Amino acid sequence: MRVLHTSDWHLGKKLEGQSRILEQKLFINALENMVRNNEIDLILLAGDIYDTYNPSAEAEKLFFDSIKQLSLNGKVGIVVIPGNHDNPQRLTAVSHLAKDYGVIIYERAFQEIEVGKYGSLNVYKSVPGGIFIEKDNKKIYLYNLPFPSEATLNETFDDTKFNVRIREILQEGVEKNNEDIPSLVMTHIYVAGSMGEGEVALELGGSRAIGVNDLPTANYIALGHVHKPIVFKSKNAYYCGSPIEYRVTENKFDKKIFIADISNEETQVKEIPLENYKPIKEYIVTGAEEAIDKSLELMESNEWIYLNVKLEEPLTNSTIRKIKSNKNILEIIPIIQIEEKEKEVSNYNEQTLEEAFVEFFKEETMGLAPNDNITKLFLEILEEGENNETN
Ligand SMILES: [Mn+2]
């Protein structure tokens with residue numbers, strides 16, 4: 001059976017308030033072509049379909065359209081599990097309609113899917129968390145574990161036992177395959193990388209992790225959660241990563257899709273690089289003029305832009321407007337130049353109030369001098385105070 005593995009679509013996710021729906025639609029169209037060109041039997045969608053618990057109508061429409069489009073109207077099977085970003089009830093609300101298109105959507109761990117026809121897929125046997133699938137005389141067993149947490153598993157365990165419990169669940173899940181057919185596992189979880197070949201140690205803030213050795217032995221393990229493609233060769237385990245860059249830190253590596261030929265023999269895996277429709281870029285310029293020039297130069301660049309500007313004084317509103325005439329500029333990040341000279345102890349008594357205010361303002365703003373209006377305002381308020389006193 002030929003399986004395409006994708007995850008972490010994060011439909012509806014925004015970047016500094018900017019919609020990514022257009023890029024997400026382009027990805028879905030590209031994915032449809034891959035499904036057609038590679039004669040895919042089954043698509044595994046390993047969680048984080050949406051970005052939030054309450055996706056927008058636009059994001060939901062894209063998901064509904066996508067499963068119909070990618071299933072080629074029921075010719076290709078799709079199995080979906082919720083990730084930590086998804087609301088499982090919301091995700092599965094469309095299950096009954098999706099069934100005709102060959103789409104199986106899990107809501108929770110240990111769920112027993114109804115046996116029967118799902119488009120061209122035949123689920124001929126079902127166990128808690130696992131399905132025996134037959135398509136065109138090819139058979140596989142697939143064990144699914146949606147994002148596991150104490151809440152979703154309805155269990156409590158202390159942090160040190162998390163990986164032990166997950167290892168047990170996955171092991172028992174795989175053992176339910178009592179036929180001589182390949183075993184696949186799909187889950188949405190953080191696997192802390194060992195430092196072997198092609199394996200990268202990562203930290204995902206606060207997320208509970210399992211180790212590579214906690215993964216069971218299977219013909220293919222489809223992982224979701226990490227946005228970078230990672231291969232754990234020793235376990236046939238793969239993170240395909242997110243299809244598009246969702247943060248500026250993700251612009252250092254290529255996005256991929258994995259296609260696996262699954263049989264009782266060794267699994268053959270092909271990587272397909274994904275096109276980057278609108279890369280996230282960072283630029284550093286010095287001064288307002290350079291910032292405006294850069295913005296104009298990149299007007300047609302089709303990039304998301306973070307513009308870092310080295311400054312000695314704040315940008316005026318008119319400069320900001322000129323820079324932002326380039327709609328791809330996400331954020332203008334001022335870098336205030338701090339003078340290295342040793343700070344002298346101020347004697348405010350020897351300064352005029354205006355001088356003292358300017359100095360105080362600079363201390364509070366990492367070296368940024370107040371503009372004339374602010375200084376004027378300060379002096380006006382001061383004067384008002386003095387007048388009040390004499391009244
Ligand atoms: Mn996730």
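Whatever order the structure lists ligands and atoms in, that order sets their numbers, starting from 1. Everything numeric here is computed off the predicted structure, so don't read it as measured data. When a residue number appears, it is its place in the shown sequence, counting from 1.
Protein contacts to the Mn ion (ligand 1) involving N, O or S atoms at a distance below 2.8 Å are D48 OD2, N84 OD1, H188 NE2, H225 ND1.
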TODO: Show your reasoning for whether ring pair (Phe, Tyr, Trp, His ring centres under 6.0 Å) applies to Y238 and H5.
DONE: CA-CA 9 Å; Y238 294 78; H5 167 201; 7.4 Å; no
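At a cut-off of 3.5 Å, with distance as the only test, a side-chain donor of R90 or N54 sits close to an acceptor on the other residue. Donor-acceptor pairing under 3.5 Å is recorded for the side chains of T152 and S149. Side-chain polar atoms of Y283 and E303 form a donor-acceptor pair below 3.5 angstrom. Side chains of N328 and Q18: a donor-acceptor N/O pair is absent below 3.5 angstrom, by distance only.
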Donor-acceptor pairs are to be reported for all side-chain atoms of residues 78-85 against protein atoms at under 3.5 Å, with residues two or more places apart or in another chain.
unit_1	atom_1	unit_2	atom_2	d
N84	OD1	H188	NE2	2.9
N84	OD1	H225	ND1	3.3
H85	ND1	D51	O	2.8

